[in-house]
Amino acid sequence: MNKHALVLAAGKGTRMKTKLPKCAFPIHKKPMIEYIIESLEASSIDETCVVVGHQRKVIENILDGRVSFAYQEKQLGTGHAAMAAEDVLGKKEGTTLILLGDMPLIDETTIDNILSTHEKLNNDLTVVTTNYLDPSGYGRIIRDKYGKIESIVEDKECTEEQRNIQEVNTGIYAIDNQYLFETLKHIQKSAYRDEYYLTDIVHLMRHDYTVGTYTIRDNAIVMGVNDLYAISIAEKVLRDSINREFMKSGVSMINPETITIGHNVRIEENVTIYPNTTITGESTIAEGAHIGPNTEIHNGIIHKGVTVEHSLIHDSVVHERATIGPFAHLRNNAHIGRDNRIGNFVEVKKSTTGANTKASHLAYIGDTTTGANVNFGCGSITVNYDGKEKHQTDIGDDVFIGCNTNLVAPISVGDNVFIAAGSTVTENVPSGALAIARNKQINKADYARNLIKPKGQTVEDAKEDKTE
Ligand code: UD1
Ligand code: CA
């Protein structure tokens, strides 16, 4: 039996009050719709069609190459959105699982359980329901006196009595694909709004087809995200479940409610994460690392035994046992070698360092290749930008760069070089050389008293005193 998924993501998300289309809104830096597609990819679904409409390009770019798209030009409701998929899915045989693009917490196990129950019960339509203590905002499940599903009534359209029903429509349906497109043709516009409700398929099908329900116990998994408050709830649910899994597999978290780990992050055993730390994107943290407090890592590869405190690491790699921070910033392909020390207020951009290299304080290393055993003194700067273009700096092994040195790129420094503190180096330095590039010091004997004033006097007063 072929299994198709149909995801409705054409809506604007008016209740979000943001510019991005709702399904593209990020949760832990990843668009909401991507969570759903990842779960579908991990499930037994064979192919997925996503209905796009409002700002379609944004969603299409996010999912490019992973799904097929149908287009709903005007957003006339969920039933109308499903109809838009007829060109893509209309002729197919099999079961279609309909999902809404605003349920980011759905997982592959739940998806497969729904599909297997639908098959086992031999249903033509299975409506997936759940229960909430506070069901407001959701469509309510109306059952007849035998307990059989009769219809779904939207929150705003409920009678007082219906409003108390805690069983709600999750917006997920498993349905025979041919019956879906036949039934959609019969949906009428709602009496209350300028919309075609997908929920109408229930009362349209209930007499002539086998219609059943499947109830999900963990209601958080199928929550619909309609506004920014719901985003925060989804983030919290996701955070708690991800952190719980990591802690159970040997990752120690201090104050875990302040720690956010993204969906695609891998963390090995015996790692400790300290408060206020966020690790997102395609990041990996290897065994024995200590990360945080107050640290943000996005697309970072952190090797064994590394320590990172109070720092930012974006799109960068840190090799074994290096220590990063406090207050370091690695970005845009910084590759930090093993046993490095990148310390206080050091920024490294698009640069590689060899083993045992150190920049302990106040340095900028940009567009640079650095060998092993290099010491960047306090205040060292690779001057990579001339106002128009970026230029490259190459530094060999065993180089000592004195404090407050400017290396004006493009420039190359050989092996075993010593650069005197305060130098502004504009010419290449050959291996083995001592480079001094600063004015020679002049000491004017007995002159300072002309300039230093005793307390309460002006410099002029002091000069007069001396001439008397
Ligand atoms: C919907 C259900 C409600 C259910 C709830 C579960 C309907 C009529 N209501 O309500 O019963 O309890 O989800 O979370 O189906 N969309 C389109 N085109 C449109 C309108 C919507 O593609 O014209 C997409 C949206 O992008 C969104 C999804 O459909 O991803 C759901 O739309 P939304 O407006 O959030 O529906 P709810 O009011 O939450
Ligand atoms: Ca919704």
Within the side chain of T130, is there an N or O that forms a donor-acceptor pair under 3.5 Å with the backbone of I216?
yes

Any luck finding a side-chain donor-acceptor pair between N340 and T357 under 3.5 Å?
no

Does the structure place the NZ or CZ of R56 under 6.0 Å from the centre of the six-membered ring of Y71, at an angle of no more than 45° from the ring's axis?
yes

What I want to find out is whether R266 reaches E282 closely enough, with some N-O distance under 4.0 Å, to be called a salt bridge.
no

Salt-bridge criterion met for K236 and D240 (N-O under 4.0 Å)
yes

Could you walk me through whether L105 and L238 pass the side chain to side chain contact (heavy atoms under 4.5 Å, CB included) check?
CA-CA 7 Å; L105 304 180; L238 199 61; 3.7 Å; yes

Set of side chain to side chain donor-acceptor pair (under 3.5 Å) partners for R438, sequence neighbours left out:
none

Do H118 and Y214 have their ring centres less than 6.0 Å from each other?
no

Side chains of I302 and T284: closer than 4.5 Å at any heavy-atom pair?
no

In terms of heavy-atom contacts, I365 and A359 come closest through CD1-CB, 4.0 Å

Please check if any side-chain donor atom of D397 sits under 3.5 Å from a side-chain acceptor atom of N373, or the reverse.
no

Shortest non-hydrogen contact between C49 and F69, atoms and distance
SG-C, 4.4 Å

Check H319 against V306 and note the closest heavy-atom contact, atom names and distance.
O-CG2, 3.1 Å

With D315, which residues qualify under side-chain contact (heavy atoms from CB on, under 4.5 Å), at least two apart?
N299

T295 side chain vs P293 backbone, donor-acceptor pair below 3.5 Å
yes

Pair R321 + D339: basic N to acidic O under 4.0 Å
yes

Tell me if a side-chain donor or acceptor on Q166 pairs with a main-chain N or O of L133 at a distance below 3.5 Å.
yes

Can a donor-acceptor pair be found between the side chains of H80 and Q72 at a distance below 3.5 Å?
yes

Y138 side chain to G224 main-chain N or O, any donor-acceptor pair under 3.5 Å?
yes

Does the side chain to side chain contact (heavy atoms under 4.5 Å, CB included) test come out yes or no for H303 and R338, once each step is laid out?
CA-CA 9 Å; H303 286 266; R338 67 165 174 82; over 6 Å; no

Side chains of V308 and I313, heavy atoms from C-beta outward: is any pair under 4.5 Å?
yes

Any salt bridge (Lys or Arg N to Asp or Glu O under 4.0 Å) involving residues 374-392? Give me the pairs, sequence neighbours left out, ordered by first then second residue.
none

Do the non-hydrogen side-chain atoms of V7 and L40 ever get within less than 4.5 Å of each other?
yes

Considering residues at least two apart in sequence or located in another chain, which fulfil the salt bridge (charged side-chain N to carboxylate O under 4.0 Å, His left out) criterion with K57?
E60

Sequence-distant partners of D64, salt bridge (charged side-chain N to carboxylate O under 4.0 Å, His left out), two or more places apart:
none

Could you tell me if the side chain of M253 sits less than 4.5 Å from the side chain of R244, heavy atoms only?
no

Does this structure show an ion pair linking E38 with K30, if we count only N-O contacts that are shorter than 4.0 Å?
yes

Which residues pass the side-chain contact (heavy atoms from CB on, under 4.5 Å) test with K358, sequence neighbours left out?
R341, S360, N375

Side chains of Q441 and N443: donor-acceptor distance under 3.5 Å anywhere?
yes

With a 4.5 Å limit on heavy-atom distance, are the side chains of F25 and L228 in contact?
yes

Could you tell me which non-hydrogen atom of N276 sits nearest to which non-hydrogen atom of T258, and how far apart they are?
N-OG1, 3.0 Å

State whether the side chain of N226 and the backbone N or O of R15 hold a donor-acceptor pair below 3.5 Å, judged by distance alone.
no

Can a side-chain donor-acceptor contact be found between N406 and T424 if the only test is distance below 3.5 angstrom?
yes

Which atom names give the shortest non-hydrogen contact between I261 and I242, and what distance separates them?
O-CD1, 3.4 Å

Just jot down the side chain to side chain donor-acceptor pair (under 3.5 Å) partners of K349, sequence neighbours excluded, or say none.
D367

Pair K29 + E296: basic N to acidic O under 4.0 Å:
yes

Just to verify, what does F181 make a ring-ring contact (aromatic ring centres under 6.0 Å, His included) with, not counting sequence neighbours?
none

I'd like to know if the side chain of T95 and the backbone of K3 have a donor-acceptor N/O pair within less than 3.5 Å.
no

So do the side chains of L407 and I395 get within less than 4.5 Å of each other, counting heavy atoms only?
yes

Going by atom types only, do T215 and T129 share a side-chain donor-acceptor pair under 3.5 Å?
yes

E73, CD atom: more than 12 neighbouring heavy atoms under 6.0 Å
no

Review item, side-chain donor-acceptor pairs of residues 329-337, under 3.5 Å, at least two apart:
unit_1 : atom_1 : unit_2 : atom_2 : d
R331   : NE     : E347   : OE2    : 2.8
R331   : NH2    : E347   : OE2    : 2.9

With sequence neighbours excluded, residues passing salt bridge (charged side-chain N to carboxylate O under 4.0 Å, His left out) with E287
none

Side-chain donor-acceptor contact under 3.5 Å, S431 with N416:
no

If we count only N and O atoms by modelled type, under 3.5 Å, do the side chains of S136 and D134 hold a donor and an acceptor together?
yes

Heavy-atom pair of closest approach, residues V52 and A10:
C-CB, 3.5 Å

Answer with yes or no whether the side chains of T280 and H298 bring together a donor and an acceptor at under 3.5 Å.
yes

For T110 and D107, test the side chains for any donor-to-acceptor distance below 3.5 angstrom and give the result as yes or no.
yes

Kindly say whether A85 contributes a backbone atom to a donor-acceptor pair with the side chain of D87 at under 3.5 angstrom?
no

Taking S423 for its side chain and A420 for its backbone only, find out whether a donor-acceptor pair lies under 3.5 Å.
yes

Are the side chains of V127 and N169 in touch, meaning some heavy atoms are under 4.5 Å apart?
yes

For residues L6 and V51, determine if any side-chain heavy atom of one lies less than 4.5 Å from a side-chain heavy atom of the other.
yes

Among N2, T96, I111, L99, side chain to side chain contact (heavy atoms under 4.5 Å, CB included) partner for I45
I111

Check whether the side chains of Y35 and H263 place a donor and an acceptor atom closer than 3.5 Å, and report yes or no.
no

For V348, does its backbone N or O pair with a side-chain atom of S351 as donor and acceptor, under 3.5 Å?
no

What pairs with F327 under ring-ring contact (aromatic ring centres under 6.0 Å, His included), at least two apart in sequence or on another chain?
H310, F345

Applying side chain to side chain donor-acceptor pair (under 3.5 Å), name anything that partners K12, two or more places apart in sequence or on another chain.
none

With no hydrogens and no angle check, is any side-chain donor or acceptor of S311 less than 3.5 Å from a backbone partner on E309?
yes

